[in-house]
Amino acid sequence: MYKEYAEFALDFLKKKGVDYGEVRLDEHDGDGVLLKNGAVEVSGFDNSAGMGIRFLIKNSLGFVAINQFDKTKIKNALERGLKLVRRGNSLSDTVSFSDEKIYKRKYKIHQRIKLNDVGTDEKIKLLENADSGVKTSLGRYMSLMTGVTKKYFITTEGARIDSEIPLSNFIGVLTVEVKGKTAQRHLQFGNKGGYEFIKKWKLDEVLLDEYKVLKESLEKAKKYPKGRIDLIVGPEITGIMVHESVGHPLEADRIFGREAAQAGESFVHKDMVGAKYGSEHINIVDDPKLKNSPGFYLFDDEGVKARRKSLIRNGIIDEFLHNRETAAVMGIKSNGSARAEDYDKEPIVRMGNTFLLPGKYSWHELIEDIKLGVYMKSFTEWNIDDKRYQQKYVGSEAYLIKDGKLKYPIFRPIIEITTPVLWNNVDAVGKKIKLDCAHCGKGEPMQAAPVNLGGPLMRIRNVRLN
Amino acid sequence: MELTNYLMKEFKKRKIDDAIISHILHDIRRIKFADNKIVNTTTESLQNINLFLVKDKKILSTNFKENAGGDGKMGGISRLEKKQADNFVMITMKRLKSIKSTENYYGINEKKFRYSEIKDGYDKKVKNINDLDLLGKGMNSALKIGAKRTNGVLEIHDAKGYVETSNNVEYKEKKSEFYFSIRSFFGKEESGHMNCCSRTLKKFNIEKAGRESGEIAKDSRNPVNCKSGKYDLIMSPMAFAPILMYVGEAASIFAVESGLSFFSDKIDKKVGSNELVIYDDGTLANGIGSTKADAEGVKTRKNILIDEGIFRKYLHNTSTARKYKTESTGNAGMIYPEPWNVAIKTGKENSNEMIKDIKRGIYITNVWYTRFTNYHTGDFSTIPRDGAFLIKNGKIIQSLKGMRISENVLKMLANIDSIGNKPVNLRTWEAEMPVYTPAVLIRNCNITTPIL
């Protein structure tokens with residue numbers, strides 16, 4: 001319906017003689033429900049559309065966002081954008097894009113049960129059912145957003161990518177109180193697929209389990225040991241570690257300083273491909289092609305074909321995450337990591353689904369020779385500095401390990417560690433992978449991208465809890 | 001306006017109980033720069049029509065997507081717009097039937113107010129200012145100090161909005177905003193960051209922001225690793241802004257009911273030091289979040305949240321106020337109550353005087369990645385970045401790096417010992433919600449560091 005406006009915008013850019021132009025039309029159709037303490041707070045539906053239009057003039061980059069589908073308004077917005085970019089040309093960086101194969105493709109994700117065919121009433125029932133088992137908790141916040149985004153991407157180079165992607169996302173916060181003490185857990189699920197995936201989340205079971213864990217932690221958890229210990233982290237913590245201290249520092253736009261003001265830079269510099277990053281057990285990839293994952297795409301938002309990227313191979317940096325701009329700086333091809341989270345945002349270098357590849361170890365083999373250790377299964381608070389060097393993870397569900405066995409729950413163990421120490425001290429990786437959904441924040445203005453992060457169990461030797 | 005009037009008329013015909021429609025036109029110009037060069041120039045022309053609709057206690061929030069017009073006008077709106085609006089009203093009424101009613105809804109504002117314009121709320125110069133000249137002034141003032149690299153964003157917003165409700169309450173408002181964020185670097189580890197924000201060009205001191213970011217970067221040369229322990233902290237406005245933002249968010253009754261507020265059960269209880277006064281002010285002159293009325297047309301006002309250390313009130317809209325038998329504080333967002341400009345009452349000391357009063361402390365100029373272990377208790381940590389300076393016996397003696405503030409918000413509020421005398425309007429990447437704050441001195445804070 002709106003494609004003619006995208007074509008109009010691209011034609012206009014061509015007439016204006018830009019060196020490169022692209023139009024990304026996004027149309028979104030979805031709904032959402034918010035439950036607070038079991039009661040519906042609000043329901044909603046969103047039917048929106050807009051265009052993100054990017055162009056290069058004499059190596060200066062411009063971006064125009066518009067959601068008014070009126071040719072005069074589009075023309076005026078582009079005239080204004082072009083004028084500003086031309087005026088700033090002498091102050092601009094020299095931006096160029098890597099040469100890439102041009103694709104014309106159409107793809108969509110199949111939905112066995114279409115998200116938009118399921119009524120809001122059924123989605124409310126699903127959340128109410130999940131809430132019913134945890135009603136005795138102090139506070140419950142749950143939101144479920146579902147919808148389909150159609151993207152139409154065209155460039156002056158001839159690319160034409162037409163996609164239809166369904167996305168669902170659940171966010172829940174559970175606060176449990178025992179004798180005046182409280183504990184809190186944030187949960188997130190997401191898939192690019194039909195309603196059948198939402199059913200697979202089994203929110204009722206998960207929330208009840210989390211409730212029991214929080215309660216047990218408040219009732220029985222003891223203090224954690226100080227001093228040096230061995231640490232086993234669950235896939236949820238492996239995932240956040242991979243995301244924060246491997247994925248982010250290997251984003252090439254950080255390495256080149258483009259995000260230095262806000263999202264930050266990286267302790268990794270451009271000559272470090274081939275440098276040691278961790279022990280030989282560390283193999284980390286970013287794979288946007290994982291079917292139905294929250295970070296799924298087949299073509300990125302610059303029209304580059306997606307592929308699995310090997311970030312760390314046997315402990316060595318293998319490649320950075322690139323878009324066409326950073327790839328051109330390094331004189332290589334883009335590996336298809338450009339994502340824009342809405343029509344009014346420029347595509348920047350992002351992760352898709354980032355995870356540690358499985359190793360050979362069973363649970364028994366990981367734990368058997370630990371004399372004193374901690375098993376940190378899940379986390380609450382975390383953060384990392386803006387060069388991605390020193391980080392903190394606070395355990396949520398966690399247990400003491402003594403003489404090769406789990407003993408009792410411990411309360412909020414804290415690890416503060418540097419990236420090299422963390423990855424060099426990993427001496428064993430489990431066999432089974434688990435991935436979690438999250439929203440990754442980056443860019444100015446901020447863009448929140450749905451991603452997967454995860455991996456198997458991981459053993460980190462000789463660390464101290466803070 | 002004609003379109004929103006038409007939509008409202010059609011919803012009223014269908015016996016809607018409550019409706020709010022807001023129509024906002026937003027023009028943004030944004031120049032992003034890295035390493036002293038422009039890396040992207042953005043212009044945004046956006047229109048948003050948002051609706052809040054209630055029938056039989058069923059609450060629906062949605063937006064109207066306008067298509068191309070121009071096929072002939074019919075009473076102010078085009079035929080195509082009318083067709084789309086009719087279709088939208090039909091779909092919306094159908095959707096309303098399929099959702100569940102809530103026990104927790106008590107209506108929207110019915111009162112008509114005489115609104116006052118926000119002082120320094122709109123500057124028509126926003127349309128014609130030379131963005132590049134402005135950017136040059138900001139960057140150059142950092143470079144003059146000796147900064148090697150400057151990075152950041154200059155943003156200029158020009159917005160106009162119209163709100164009408166089913167209770168015949170309506171208002172129009174124009175908003176301008178100038179926003180500049182600059183991070184200057186001397187070397188790999190030495191940086192300074194400063195934001196400046198203003199609704200008017202006259203009060204937008206971009207050169208001062210550039211200069212200060214350069215000065216912090218220059219002073220932060222040769223940092224050493226910080227040792228963990230207890231320190232008195234001077235938190236600059238940039239550093240204190242996220243904490244103040246979370247204070248404002250926690251004051252919303254929505255956060256309290258959700259278990260996400262460290263002010264739960266704190267009404268009339270001591271939560272801060274004796275001198276501490278924190279308020280939210282939707283009328284603040286030149287306030288980045290200031291607005292003459294909230295989403296349901298209640299005139300905004302100043303609400304004291306913490307008065308001399310005692311927590312006094314939560315932020316309400318009309319519905320939540322009726323539920324708790326109180327009055328609206330004029331903080332209605334489209335869904336739940338939210339603050340406009342969270343502010344701390346200005347004190348008397350400047351930063352130099354605060355430094356003199358510290359035996360062992362750190363001057364923190366910026367923080368990032370603030371995350372909570374538990375919003376209900378207020379346990380959190382945040383990472384100081386850019387210049388951070390060790391204070392010993394009343395003097396700054398060393399630049400620091402590699403530390404984390406691992407604390408509790410309520411404990412920090414209780415330990416505020418001195419409040420600065422130079423407040424600024426701010427929004428930052430870390431504190432998206434506007435605040436108005438000077439520097440504050442907080443005693444006995446916990447600093448942690450990575451253990452190798």
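Just so it is clear: chains get the letters A, B, ... in the order the sequence lines come, proteins before strands, and each one is counted from 1. Since the structure is predicted, the reported quantities are computational estimates derived from the model, not experimental observations. Heavy atoms only: backbone and side chains are in, while hydrogens, waters and symmetry mates are out.
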Item checked: Any A:K392 side-chain heavy atom under 4.5 Å of B:S406 side chain ->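 Touching, per the 4.5 Å side-chain cut-off.
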Check: Any side-chain heavy atom of A:D386 within less than 4.5 Å of one from B:R183?
Finding: yes
Output the option from [options] having the highest count of non-hydrogen pairs under 4.5 Å with chain B.
options	value
A:G32, A:S48, A:G52	A:S48
A:E128, A:K125, A:K123, A:R140	A:E128
A:T380, A:D93, A:L34	A:D93

Can you see which heavy atom on [X] is nearest to which on [Y], and at what distance?
X	Y	answer
A:R80	B:I28	NH2-O, 4.5 Å
A:M446	B:E432	CB-OE2, 4.2 Å
B:D131	A:R87	N-NH2, 4.2 Å
A:G257	B:A34	O-CB, 3.8 Å

[X] versus chain B, heavy atoms under 4.5 Å apart: side chain, backbone, both or neither?
X	value
A:Y343	side chain
A:I384	both
A:V173	side chain
A:T175	side chain
A:R185	neither
A:F256	backbone
A:V394	side chain
A:I124	side chain
A:N37	side chain
A:E4	neither
A:R258	both

Next item on the list: Report the C-alpha distance between A:S92 and B:K37 in whole Å, list the side-chain angles of each, state the deciding distance to 0.1 Å, and finish with yes or no for side chain to side chain contact (heavy atoms under 4.5 Å, CB included).
Entry: CA-CA 5 Å; A:S92 288; B:K37 295 276 190 184; over 6 Å; no
Next item on the list: Decide whether A:Q391 and B:Y369 meet the rule of one side-chain donor and one side-chain acceptor closer than 3.5 Å.
Entry: no
Item checked: Check: A:N383/B:S381 side-chain N/O donor and acceptor closer than 3.5 Å -> yes
Is the side chain of [X] donor-acceptor paired with the backbone N or O of [Y] at a distance under 3.5 Å, no angle test?
X	Y	answer
B:N104	A:E41	no
A:T120	B:I99	no
A:Q184	B:G259	yes
B:T43	A:V64	no
A:N67	B:N48	no

Starting at [atom1] of [X], measure out to [atom2] of [Y] and round the result to the nearest 0.5 Å.
X	Y	atom1	atom2	answer
A:Y141	B:L260	OH	CG	8.5 Å
B:S191	A:E265	OG	CD	8.0 Å
B:R371	A:E381	CZ	CD	9.5 Å

Notebook entry, point to check: Can you check whether A:H186 and B:F372 have ring centres sitting under 6.0 Å from each other?
Noted result: no
